[in-house]
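Beneath this line is the structure, given in C-alpha cells, with notes to follow.
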Amino acid sequence: ARPRTARCAVRKWSRWIATIPMAGTDPVADKGALAERIVGAWRLVSYSATHGDVTRYPMGQGAEGLLVYADGIVSVNLMMPGRPRPRHGTMRDLDDASAGPLARGYMAYAGSYRVDEGAGIIHHNFELCLDPALIGAPAPRHARLIDGQLELCTPPALITGVERTARLLWRRYDARG
C-alpha cells in the first residue's frame, strides 16, 4: 500500500482564489496578517507532489529543508536525505560527471517575495536559483497556516498531459533542535 499524504486544500488553481478564505483555515483569521506571520525561519516537515492521482516524494520521504522570510527576501534550500559527500574536497573539486548527481539532490533559490493577503498567495521571485531556467519565472505559492505550520502549494501545472502540484509543509525553525 502506498503511503497517504495530505493534498493541498484546493486542487484547482483557478478555484483557489474563489475559495479563500476556507472555514477553519483562513490564513489571516484573527491572528494578524499572513505577511507578518510568515516572517522568520522554517524547517521542512514534508515535501510531496501529486502527479494525477499518484503521490510522489521528489526528494525522498525524509527530505530536509530550510525556508526563511526576512526583510522582503525569501531563501529556500531543499535537500534529499543521505546525500553522499565527495570523498575528497568539495563539489567544486569534482568533474561534472561526479558533481551532477550531487546537485540533483539539492534545490535552492532566493529573491524577493510579496504576499497577496486577500488570496492567501505568496509570490516568490526567483532572482538566484540552482536551476537557471527558473530565474525570473513566476512562482506563486498558495499559503495556509494550520496549527502553527505553514503549508505552501504550487499551482497545478499540466505536464505531458498530467496535472502536477507540489505541497510543502513547514514548521518554525528551532535552532536548539
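Any value given below was found using the heavy atoms of this structure, including those in side chains, with hydrogens, waters and symmetry copies removed.
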- Message: Counting only heavy atoms from other residues, nucleotides and ligands, does the tally under 6.0 Å from CZ of Arg172 exceed 12?
- Response: yes
- Message: Taking Ala35's backbone N and O only, do any of them form a donor-acceptor pair with Glu117's side chain (distance below 3.5 Å, no angle check)?
- Response: yes
- Message: Hydrophobic cluster membership, with links at side-chain heavy-atom distances under 4.5 Å among I/L/V/M/F/W/Y: are Met80 and Val76 in one?
- Response: yes
- Task: Provide the closest heavy-atom pair for Leu44 versus Ala63 in the form atom of the first, atom of the second, distance.
- Result: CD2-O, 3.7 Å
- Step-by-step side chain to side chain contact (heavy atoms under 4.5 Å, CB included) determination, Leu168 to Trp42: CA-CA 11 Å; Leu168 295 94; Trp42 301 83; over 6 Å; no
- Message: Would you say CG of Asp96 has more than 12 non-hydrogen atoms from neighbouring residues, nucleotides or ligands within 6.0 angstrom?
- Response: no
- May I ask you to decide if Ala133's main-chain N or O and Asp131's side chain share a donor-acceptor pair within less than 3.5 Å? yes
- Whether His124 and Tyr109 hold their rings parallel, tilted or perpendicular, with breakpoints at 30° and 60°: tilted
- Which atom pair, heavy atoms only, marks the closest approach of Ala41 to Val68? CB-CG2, 4.1 Å
- Item | Nearest heavy atoms of His51 and Val162, plus distance in Å | C-CG1, 3.6 Å
- Message: Starting from Tyr113, can I reach Trp170 by hopping between I/L/V/M/F/W/Y residues whose side chains sit under 4.5 Å apart?
- Response: yes
- Closest approach of Pro140 to His123 (non-hydrogen atoms, all atoms of both residues): CB-ND1, 3.8 Å
- Task: Count the heavy atoms belonging to other residues, nucleotides or ligands that lie under 6.0 Å from CG of Asp71, then report whether that count exceeds 12.
- Result: no
- Task: Answer yes if Ile122 and Val39 sit in the same cluster of Ile, Leu, Val, Met, Phe, Trp and Tyr residues linked by side chain heavy atoms under 4.5 Å apart, and no otherwise.
- Result: yes
- Where do Val74 and Ser112 come nearest, in terms of heavy atoms and distance? CG1-O, 3.9 Å
- Quick check: does any side chain N or O of Thr154 sit under 3.5 Å from a backbone N or O of Ala166, one acting as donor and the other as acceptor? yes
- Note on the structure: Note: Ala99 and Met91 closest approach over all heavy atoms is O-CE, 3.8 Å
- Sidechain-backbone polar pair: Arg43 side chain, Asp174 backbone, donor-acceptor under 3.5 Å: no
